[in-house]
Every structure is written in structure tokens, then in C-alpha cells.
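Notes to accompany the following structure.
Ligands are counted one by one from 1 in listed order, and the atoms in each one are counted from 1 as well.
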Amino acid sequence: MSEGKLRVGVLVSGSGSNLQALIDACAAPDHPAEIVTVISNRPGVRALDRAKAAGIPAVVFDHKNYADRTSFDADMQKALDAAGVEFICLAGFMRLLTTAFVEHWSGRMINIHPSLLPSFKGLNVQQRAIDAGARFAGCTVHFVTPEMDVGPIIQQAVVPIHQDDTGDTLAARILVQEHRIYPACLKWVAEGRVRIEGERVFLDGANYPDAALHNPSSEPIG
Ligand code: GRF
């Protein structure tokens, strides 16, 4: 156990590339957070291999073995308590949580979602952004509230949608940014820079970009 670091539990269901980004960031000796446990609701997923490779204890609670969400969440809660978790990152965790669980972790649980919330909540959001004719897409890190993909937003990254994009090419472009903003947000939280006021998040020392983006570019077309 490292003295003074925020003890983080990461909940996963799949590939775990965001988990990997968090692991890599937390590996810096002066990083203020430490991942102390990884929990998956699916056995055999790559995220579990990533946890193992990093020497982080990982637990599987296969949701198929549970009659209801309440008993599933109760087992997760026990594991989180046993690991001394203080803060949760959902990283591709594809399971709805009970309101009781979410309220218990209120202000202490964040999620990453591959759209510019509040647009495109739910699933298949990259393809839906393309189909809607949007020119920009992106990703959002936000605090988790009982309603899915709603909750105070900490940071967003924007990427352009290209005319020949497929859901997969756009998802890959967004994922690069996910891996940048998720670790940044966790660091800010662990540094105590993040304050929730109502629906909004205020970041102590925030820097703001001043560039606007045009898509398609407004440069002359040859
Ligand atoms: C990411 O696109 C994340 O935004 C969404 O689920 C995906 C998880 O990918 N919530 P990975 O498991 O982190 O690679």
C-alpha cells in the first residue's frame, strides 16, 4: 500500500484499453492514485490479463450467476470494501448499476463514454453520431449518477468525423482521446482539484483551449 494515494477500483467488462491507460498513468511514482483492484462482470476478458500483467488483484463476478442486480452489486460492494477502495472508475463496464450502489458512491465514481454527452447516450454511439450527420464526435469523463450517461462532466475531447468514417474508424479515433482524458481526470480528482456544484464540475487551475475547430476545414478547397 502506498501512503496517501487515492485507492481506486476499476470496473471493466471487455478489452480494458482505458484500464491500461489508467494503469500506465498510475505507474508514475508521484501519481496521486493507485489502482488497488479490478472487477469484471465477465470472465476471460482482456482487461483481466492487463490487471494481472500489472500485478493488480482482479476479481470476476459473472453477472450470469446472479438472480438480480442487487445481489450482484452487493458482492461488488463487499470486494471494494475489502480492498479499501475509495474511488471507482468505470472503464467499459457494460452493466447497469443499482441506484443504491450509485448513490453510495455518489461523487466518488466516474465513467468514460465515447460521445460528447449529453448527445448520444447509450450504445453504438459512434455509428449513431455518423448517421445523425454530426461533424464532430468525442468522449466524455463524467461523475456517475443513477441515470445512465448523465452526471457532472469533468472533461471532454472532440474529434472530427470524416466523410468516409465507419463506426469502427471513428471509435478508434475517439479511443485515442479516451486514453488521454481518463487518466488526466483521475489525476485531477486524486489531487483534490475537482469540485461538483449542482450539474457542473469546476476544476481548480483549469486551462482553456482558445482554438475553434471547423469541420470541414474553412481552408480554401483546391
Ligand atoms: C470505451 O469506448 C469506453 O468509452 C466505453 O466502452 C469502451 C471500453 O473500451 N465506455 P476499453 O475496454 O477501455 O478498451
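Not a single donor-acceptor pair under 3.5 Å links the side chain of Ser40 to the backbone N or O of Pro43.
Scanning all protein heavy atoms for the shortest distance to atom 10 (N) of ligand 1 gives Ile112 O, 3.0 Å.
When only interatomic distances are considered, the shortest N/O to N/O separation between Ala91 and ligand 1 does not fall below 3.5 Å. Ligand 1 has a nitrogen or oxygen under 3.5 angstrom from a nitrogen or oxygen of Asn18. Inclusion of Glu178 in the set of residues having an N or O under 3.5 Å from an N or O of ligand 1 is warranted. Considering both main-chain and side-chain atoms, Leu19 never comes within under 3.5 Å of ligand 1 through any nitrogen or oxygen pair.
Which of Gly14, Ser13, Ser17 comes nearest to atom 11 (P) of ligand 1 through a heavy atom is settled by distance: it is Ser17.
Ala157 approaches Gln177 most closely through the heavy-atom pair CB-CB, 3.7 Å. The heavy-atom pair separating Val189 from Phe143 by the smallest distance is CG2-CZ, 4.4 Å.
No continuous path of ILVMFWY side-chain contacts below 4.5 Å connects Leu116 to Leu170, so the two sit in separate hydrophobic clusters.
Contact atoms of ligand 1 toward Gly92: 6 (O), 8 (C), 10 (N) (distance under 4.0 Å to a heavy atom of the residue). Here is the list of ligand 1 atoms found below 4.0 Å of a heavy atom in Pro114: 2 (O), 4 (O), 5 (C).
Using bins of under 30°, 30° to 60° and over 60° for the plane-to-plane angle, the ring pair Tyr66/Phe61 lands in the perpendicular bin.
For the pair Cys139 and ligand 1, no heavy-atom separation below 4.0 Å is found.
The existence of a salt bridge linking Asp49 and Lys52 is excluded, since no basic side-chain nitrogen approaches an acidic carboxylate oxygen closer than 4.0 Å.
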